[in-house]
Amino acid sequence: DTGVSQDPRHKITKRGQNVTFRCDPISEHNRLYWYRQTLGQGPEFLTYFQNEAQLEKSRLLSDRFSAERPKGSFSTLEIQRTEQGDSAMYLCASSLRLGTGDWDGYTFGSGTRLTVV
Amino acid sequence: GQQLNQSPQSMFIQEGEDVSMNCTSSSIFNTWLWYKQDPGEGPVLLIALYKAGELTSNGRLTAQFGITRKDSFLNISASIPSDVGIYFCAGQLGGSTLGRLYFGRGTQLTVWP
């Protein structure tokens with residue numbers, strides 16, 4: 001397993017267009033997270049899934065944002081009607097929640113850099 | 001949201017020197033993590049801390065989970081040029097099992113040869 005994979009690595013789009021990003025987590029990990037990172041800041045939590053269930057969404061995730069993980073494996077993050085303020089690095093991470101309630105690993109992908117022009 | 005205060009914001013040191021950075025919070029955390037991020041890449045996990053008072057090493061890196069559960073520090077000994085990057089602390093709130101992490105704003109480390 002090569003870690004968390006994100007596609008594309010870079011995306012340039014015009015304001016008002018829709019974009020979709022994909023994340024493939026580490027195969028045995030049951031939790032998948034999306035974060036957003038702007039220049040000079042640490043990553044900010046957007047949402048996370050345990051298997052296919054979306055269990056938490058941040059207030060940062062406006063109505064224009066939607067995330068899915070249909071079969072509990074890969075996930076997609078869609079942004080509709082993009083705005084210049086959406087320009088950021090979108091990071092995906094995955095972890096394994098153990099039966100004890102603890103978790104193991106919290107591995108990030110290389111991210112998708114979105115530029116809205 | 002939760003604020004993690006990470007300091008210093010940046011450090012300029014000479015190769016071979018030791019480095020120390022820390023992170024504090026007004027809330028109790030039950031997990032502290034330290035990550036390193038290179039330009040254009042995602043954060044890479046360096047050390048994970050799960051218990052108050054825990055001291056963990058990873059090569060030249062040592063991190064501690066503060067007794068109050070509101071702080072953590074990371075030390076790098078005998079720095080080398082490849083240590084250059086941005087170091088982030090991250091934590092999971094106490095009482096939460098959700099896995100959501102809160103991040104500091106990072107410490108930019110520059111190492112001069």
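Each chain gets a letter, A, B and so on, in the order its sequence line appears, and its residues count up from 1. These numbers come from the heavy atoms of this one structure, side chains and all, not from hydrogens, waters or symmetry mates. As the structure is a computational prediction, the values presented were derived from the model and not from experiment.
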Does CZ in A:Arg15 sit with more than 12 non-hydrogen atoms of other residues, nucleotides or ligands closer than 6.0 Å?
no

So does B:Glu17 have more than 12 non-hydrogen atoms from other groups sitting under 6.0 Å from CD?
yes

In terms of heavy-atom pairs under 4.5 Å, which option from A:Gln6, A:Gln37, A:Gln50, A:Arg59 contacts chain B the most?
A:Gln37

Cluster link A:Trp34 to A:Leu61, ILVMFWY, side chain under 4.5 Å
yes

Value rounded to 0.5 Å, distance of CG in A:Leu55 from CZ in B:Arg100
13.0 Å

Hydrophobic cluster identity match, B:Val84 and B:Ile76, side-chain contacts under 4.5 Å
yes

If you count the non-hydrogen atoms of other residues, nucleotides and ligands that lie under 6.0 Å from CD1 in A:Ile12, is the total more than 12?
no

Do you know the tightest heavy-atom contact between A:Phe108 and B:Pro43?
CB-O, 3.5 Å

With respect to chain B, which residue among A:Ser110, A:Ser58, A:Cys92 yields the maximal number of heavy-atom pairs within a distance under 4.5 Å?
A:Ser110

Could you tell me whether the side chain of A:Tyr33 reaches within less than 4.5 Å of the side chain of B:Leu101, counting heavy atoms only?
no

For the pair A:Arg9 (side chain) and B:Gly40 (backbone), establish whether a donor and an acceptor sit closer than 3.5 Å, ignoring hydrogens and angles.
yes

Is it the backbone or the side chain of B:Gln9 that comes under 4.5 Å from a heavy atom of chain A, or both, or neither?
neither

Within the supplied structure, the quantity of interest is the number of heavy atoms (other residues, nucleotides, ligands) at a distance under 6.0 Å from B:Leu55 CG; does it exceed 12?
yes

Strictly under 6.0 Å, is that where the ring centroids of A:Tyr106 and B:Tyr35 end up?
no

